[in-house]
Amino acid sequence: MPAMTTDIMIDAQQIYKAFGNLAVLKGVDLKVAKSEVVVIIGSSGSGKSTLLRCLNNLEKIDSGNISIENEWLVKNNDLKQAVYQSEREIKRICTKMGMVFQHFNLFPHMTVLQNIIEAPMTVKKMKREEILPLARELLKKVGLSNKEDSYPSQLSGGQKQRVAIARALAMQPDIMLFDEPTSALDPELTGEVLKTMQNLAEDKITMVIVTHEMGFARAVADKVVFMDGGIVVEQGKPEDILINPQHPRTCAFLSRFI
Ligand code: ADP
Ligand code: MG
């Protein structure tokens, strides 16, 4: 269901980003409303990961404006060059976003529970006993209550990814960003991770998800954004973009999934 409120959580305007001579984002606009689930699709190399990474400051943009919950993170000066907030403000604003990566990025030397409580303790200066109840609640939510003392190496890929989701949620973000969270998983393990994300959508968590799982996009997305060659080619309701795409590039991309 579309968000009832029009609170804008992410407002990215005319984002440009190059790596050396390689222009990767060429004027991307992206708006995400509160409780909205936005799925970004597109071929490899189209700039999807770079866009997500720019939203939470893992990469710096060259030009454009990004606001998170109506606070500017970066905006253009008169020369259309991106000017960032102070490091301190960037940190504060980006803590509103949690990110889940394709390759889990769990700390291998820490147990599942330690992985989850680490950032709240070091970044948010929460006490261990303060964060433990939330950590355990989140482990329950992702179906891993019995794994809190396990190490990542003792878990399946699907379990690792569910820990990574719980770890991101432990920072109590307002927005969750997912970059191909099931792409590294064996096909039989993708379902449990997609189900976990579907549960978050039902909890009305605002999410931006890069994925090739078209069935999931169709079922869960409020909005689908198709990127190609560093631009947003078209976006709209899943049934419009996935069933009745208007642009030949979208049709060509989708024909690979039939
Ligand atoms: P996608 O996630 O859609 O596959 P990416 O955003 O990862 O696309 O990459 C878009 C383009 O940017 C690719 O050509 C990629 O090789 C290039 N790229 C991504 N990150 C870097 C980087 N850190 N340095 C140089 N080139 C990069
Ligand atoms: Mg990518």
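Just follow the structure's listing: the first ligand is 1, and inside any ligand the first atom is 1.
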*Asks:* Ion pair present between D203 and K141, side-chain N to carboxylate O less than 4.0 angstrom?
*Replies:*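 Yes, D203 and K141 are salt-bridged.
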*Asks:* Return the orientation label for the H212 and F253 ring planes: parallel under 30°, perpendicular over 60°, tilted otherwise.
*Replies:*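 Ring orientation of H212 relative to F253: tilted.
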*Asks:* Quick test of your reading of the model: are E192 and K195 salt-bridged, counting only N-O distances below 4.0 Å?
*Replies:*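 Salt bridge between E192 and K195, a charged N being under 4.0 Å from a carboxylate O: no.
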*Asks:* So is S43 in contact with ligand 1, going by heavy-atom distances below 4.0 Å?
*Replies:*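 Yes, S43 has heavy atoms under 4.0 Å from ligand 1.
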*Asks:* Distance only, no hydrogens: is a donor on one side chain within 3.5 Å (strictly under) of an acceptor on the other, for E36 and T206?
*Replies:*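 No - no donor-acceptor pair under 3.5 Å links their side chains.
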*Asks:* Could you tell me whether atom 21 (C) of ligand 1 has at least one protein heavy atom nearer than 4.0 Å?
*Replies:*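 For atom 21 (C) of ligand 1 the answer is yes, since some protein heavy atom falls inside 4.0 Å.
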*Asks:* To check your reading of the model: name the closest protein heavy atom to atom 8 (O) of ligand 1, its residue, and the distance in Å.
*Replies:*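 Nearest protein contact, heavy atoms only, for atom 8 (O) of ligand 1 is G47 N, 3.2 Å.
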*Asks:* Just do the side chain to side chain contact (heavy atoms under 4.5 Å, CB included) check on I116 and L139 with the steps written out, would you?
*Replies:* CA-CA 9 Å; I116 294 174; L139 273 176; 3.6 Å; yes
*Asks:* In terms of residue, atom name and distance, what is the protein heavy atom nearest to atom 9 (O) of ligand 1?
*Replies:*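 So the nearest neighbour among protein heavy atoms is T50 OG1, 3.9 Å.
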*Asks:* Looking at the Mg ion (ligand 2), is one of the N, O or S atoms of S49 less than 2.8 Å from it?
*Replies:*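 Of the N, O and S atoms in S49, at least one lies under 2.8 Å from the Mg ion (ligand 2), which means yes.
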*Asks:* Of the protein's non-hydrogen atoms, which lies at the shortest distance from atom 23 (N) of ligand 1, and what is that distance?
*Replies:*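 Minimum-distance protein heavy atom for atom 23 (N) of ligand 1 reads F19 CE2, 3.4 Å.
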*Asks:* Out of G42, G45, S44, C54, who is nearest to atom 13 (C) of ligand 1 when you count heavy atoms only?
*Replies:*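 Looking at heavy atoms only, the winner is G45.
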*Asks:* Can you see whether Y16 has K26 sitting over its ring - NZ or CZ less than 6.0 Å from the centre and within 45° of the normal?
*Replies:*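 K26 over Y16 ring: no.
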*Asks:* Nearest to atom 15 (C) of ligand 1, what protein heavy atom do you find, and at what distance?
*Replies:*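 For atom 15 (C) of ligand 1, the nearest protein heavy atom is L22 CD2, 4.6 Å.
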*Asks:* Tell me, which protein residue and heavy-atom name are nearest atom 12 (O) of ligand 1, and how many Å apart are they?
*Replies:*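 Checking every protein heavy atom, the shortest distance to atom 12 (O) of ligand 1 gives V24 CG2, 3.1 Å.
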*Asks:* Is the backbone N or O of N244 less than 3.5 Å from a side-chain atom of Q246, with the two atoms forming a donor-acceptor pair by type?
*Replies:*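 Side chain of Q246 to backbone of N244: a pair is present.
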*Asks:* Taking the six-membered ring of F107 (Phe, Tyr or Trp), confirm whether the NZ or CZ of R167 is under 6.0 Å from its centre and within 45° of its axis.
*Replies:*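 Positive - R167 is close enough to the ring of F107 and near enough to its axis.
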*Asks:* What protein heavy atom is closest to atom 3 (O) of ligand 1, reported as residue, atom name and distance in Å?
*Replies:*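 Answer for atom 3 (O) of ligand 1: K48 NZ, 2.7 Å.
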*Asks:* Atom 7 (O) of ligand 1: which protein heavy atom is closest, and how many Å away?
*Replies:*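 Looking only at protein heavy atoms, the one closest to atom 7 (O) of ligand 1 is S49 CB, 3.6 Å.
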